[in-house]
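Structure first, then comments.
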Protein chains: 2
Amino acid sequence: MSTIKEVAQSAGVSVATVSRVINKDPAVRPATRDKVMNAIAQLSYTPNLLGRHLRQTRTNKILVLIPSISNQFYSKIIRAMEKVSEEQGYDVLVCMTHNDPRAERRYIDMLVTRVVDGIVFFSSSLSAAQMDELASGFPVVQCSEYIEGSNTDMVVIDDEKAAYDAVSWLLRRGHKRVAYMGSQVRYSSGIRRERGYRKAVTEAGGKADERFVFLDDYSYPGGGRMAGKYLECGSDRPSAIFCISDSMAIGCINRLISEGVDVPGKVSVMGFDDTSIAKVFCPAITTVSQPQSEIGRLAAELLIDRIRNGVHKASGGKLRKIILPHDLVIRNTTI
Amino acid sequence: MSTIKEVAQSAGVSVATVSRVINKDPAVRPATRDKVMNAIAQLSYTPNLLGRHLRQTRTNKILVLIPSISNQFYSKIIRAMEKVSEEQGYDVLVCMTHNDPRAERRYIDMLVTRVVDGIVFFSSSLSAAQMDELASGFPVVQCSEYIEGSNTDMVVIDDEKAAYDAVSWLLRRGHKRVAYMGSQVRYSSGIRRERGYRKAVTEAGGKADERFVFLDDYSYPGGGRMAGKYLECGSDRPSAIFCISDSMAIGCINRLISEGVDVPGKVSVMGFDDTSIAKVFCPAITTVSQPQSEIGRLAAELLIDRIRNGVHKASGGKLRKIILPHDLVIRNTTI
DNA sequence: TGTCCGTATGTAATCGATTACATCGCGGAG
DNA sequence: CTCCGCGATGTAATCGATTACATACGGACA
């Protein structure tokens, strides 16, 4: 690989001039520019960004940290982030933590060691203090998930209220009891949704029956397994199930149907996220939708603002916690 | 942010010594090491990797380029890559091209400008010549998809044969005709699968009826839309459908069922990839499985080998094209 | 013609690390 | 007692770029 020095030599100018040409400095004579451009083409030279970034102390890249790409939910959000980022001249990198704190640490290091300019967190295993400390030195935004007690910019929905609304709706529709299917990994959103679930149940005069609070993972198979447990409960089981993801709901519904239990005839099932399959699935899934594009757009904007204006000065130093509205989408898996 | 120089000053040693401590050079006295460690902790110093990488000319990061994370197929493959990479001390970054050549170019620049050490391509919009040129200077592996006529390391399955096997199986089971549902975006794997489809149909004495070759996108809704077109074909439509992805198959099946068409009673539907939902879905989906973990593992190994041993010297300079076996997984959407 | 000024380019410091080589002090061998 | 070698540390070059500052040149003006 050729360097700026070789180009300079080959063009018969100094490295400074080559750098000027690369950076489109108007103060270089057309004739010189041409010479340099030729040399660049000749040697098929591309600047080493490490050198540039080292000098400029910025990289124009942002990192998005998610647990896993196998969860469809992130797809639309990240797409929106990419749109904003592209407009603003930033590249978006995605890394997966698989809820492994060590992996997370390695990727956070990319920020701390200045390989990227900022991070969007979807769930983190940091403590509130650690997160706050990171955010005090680097541009950081929490998205969808957030660490309880932490103070950073964030874009979220009111998960507790969303779950409360969903479960309340089921109860109002005449279901006496509602089962809960959540995540074993205690994502903050999961905790809040469970809280909303319990609140709705309690307020309706019942109390949450621990036999009907199931935990597994976010996947289709996870939903299937929980449906299995649910079926083992015998005939006094609830007539409605609130799942905290669409994948769970689908895994669950398929299991129920294959065991001959009619959905929604015998059991109503509700999902969460309104991912692309929810509308297409048969029966179409009743679910809680989040404004995914809006979430992604805002998160990217907040982050880039912090990057551009400095961690402490952006938005006058004030934190921004944006809570976006959720929405109940009634389809055909509930009566 | 503090630098190595500040740490040196604060510890009362030279930068060289600090660097030695960071890099665990055994030749530094325990007492000095402690002084330095203290200073590091005091200043909460973290090395700037740009500086290090600039000197070392490697970054220990590999980039995985995929069209979009909304396709579940990549999930398990990338997971396997992450495992290998972690063992070998590499970080995995994922970027999405959305089939936009400009976006792809920007991410390839991360390789050319030495921000990452190598790239795994899942589909690319480069020409064969461009890909070959890139591969002649940088570590590159093509995975699942590959550009026809290009010469790089690659890990793939025999898509043509896989589709041929799948469709032949349907024909042998007594289906007189088989419809094809593929991707509008002409991924190389799609082209080869279509070729395999046509070959099977032709060999069985028929010829592919263009009315029954549908193209849309890989998504659930795409499958639904094609099912709509299929239904419009009236009563002389084929009794089996071969889809080139599980999502398509699911979207398709759901649409068929909701229109009262029994699957597999009236129509058999076959998917591709054996993603996690295929087994769980009801009815469970007959599909073509690819050894995803194996694909990911091998692709990462090939790439890291090229990175470690140099583009031209790795594997004695020979290209490695690994073709892995596929497998027909018979479940309940076909008779 | 001499001074001044602006334009185009070169020189060299700099970013933050690594690392080849130099240096220093100390203990053991002769 | 001197010299050698080795272990521990420092000095300075280096990676590949950017950029502040210096300089050379040429033209305008008095």
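Within every chain, numbering begins at 1; the chains are lettered A, B, ... in the order of the sequence lines, protein sequences first and strands thereafter.
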Proximity to the side chain of [X] - top-ranked nucleotide from [options]:
{"X": "A:Arg55", "options": "D:dT11, D:dA17, C:dA8", "value": "D:dA17"}
{"X": "A:Ser14", "options": "C:dG16, C:dT9, C:dG10", "value": "C:dG10"}
{"X": "A:Ala16", "options": "D:dA17, C:dG10, C:dG16", "value": "C:dG10"}
{"X": "A:Arg20", "options": "C:dT9, D:dC15, C:dA17", "value": "C:dT9"}

For B:Thr17, answer base if it contacts any base atom (sugar-phosphate contacts may also be present), sugar-phosphate if it contacts only those atoms, and nothing otherwise; contact means non-hydrogen atoms under 4.0 Å.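 Sugar-phosphate only.
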
What's A:Val13 touching, base or sugar-phosphate or nothing? Going by heavy atoms closer than 4.0 Å.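 The answer is sugar-phosphate, as A:Val13 gets under 4.0 Å only of primed atoms, P, OP1 or OP2.
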
Over how many whole Å does the gap from [X] atom [atom1] to [N] atom [atom2] extend?
{"X": "B:Asn23", "N": "C:dT19", "atom1": "CG", "atom2": "C1'", "answer": "10 Å"}
{"X": "A:Lys24", "N": "D:dT18", "atom1": "NZ", "atom2": "P", "answer": "12 Å"}
{"X": "B:Tyr45", "N": "C:dA17", "atom1": "OH", "atom2": "P", "answer": "3 Å"}
{"X": "A:Arg58", "N": "D:dT18", "atom1": "CZ", "atom2": "P", "answer": "11 Å"}
{"X": "A:Lys5", "N": "C:dT11", "atom1": "NZ", "atom2": "P", "answer": "13 Å"}
{"X": "B:Asp34", "N": "D:dT9", "atom1": "CG", "atom2": "P", "answer": "11 Å"}
{"X": "A:Leu50", "N": "C:dT14", "atom1": "CG", "atom2": "C1'", "answer": "17 Å"}

Presence of salt bridge, [Y] and [X], under 4.0 angstrom:
{"X": "A:Asp117", "Y": "A:Lys61", "value": "no"}
{"X": "B:Asp153", "Y": "B:Lys321", "value": "no"}
{"X": "A:Arg105", "Y": "A:Asp100", "value": "no"}

Toward the 5' end of DNA chain D, which comes first, A:Ile4 or B:Arg33, by nearest nucleotide?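 Closer to the 5' end of DNA chain D: B:Arg33.
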
Which comes earlier along DNA chain D counting from the 5' end, the contact point of B:Leu54 or that of B:Val28, where each point is its nearest nucleotide?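 Looking at DNA chain D, the more 5' nearest nucleotide goes with B:Val28.
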
Any donor and acceptor pair, going by atom type alone, linking the side chain of B:Ser150 with main-chain N or O of B:Ile147 inside 3.5 Å?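 A pair under 3.5 Å: yes.
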
Is B:Gln292 reaching over with its side chain to a backbone N or O of B:Phe73, donor-acceptor style, under 3.5 angstrom?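 Yes, the answer is positive, given that a donor and an acceptor are paired below the 3.5 Å cut-off.
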
Does [X] place a side-chain N or O at less than 4.0 Å from the phosphate oxygens OP1/OP2 of [N]?
{"X": "A:Arg52", "N": "D:dT18", "value": "yes"}
{"X": "B:Ser19", "N": "C:dT19", "value": "no"}
{"X": "B:Asn48", "N": "C:dC15", "value": "no"}

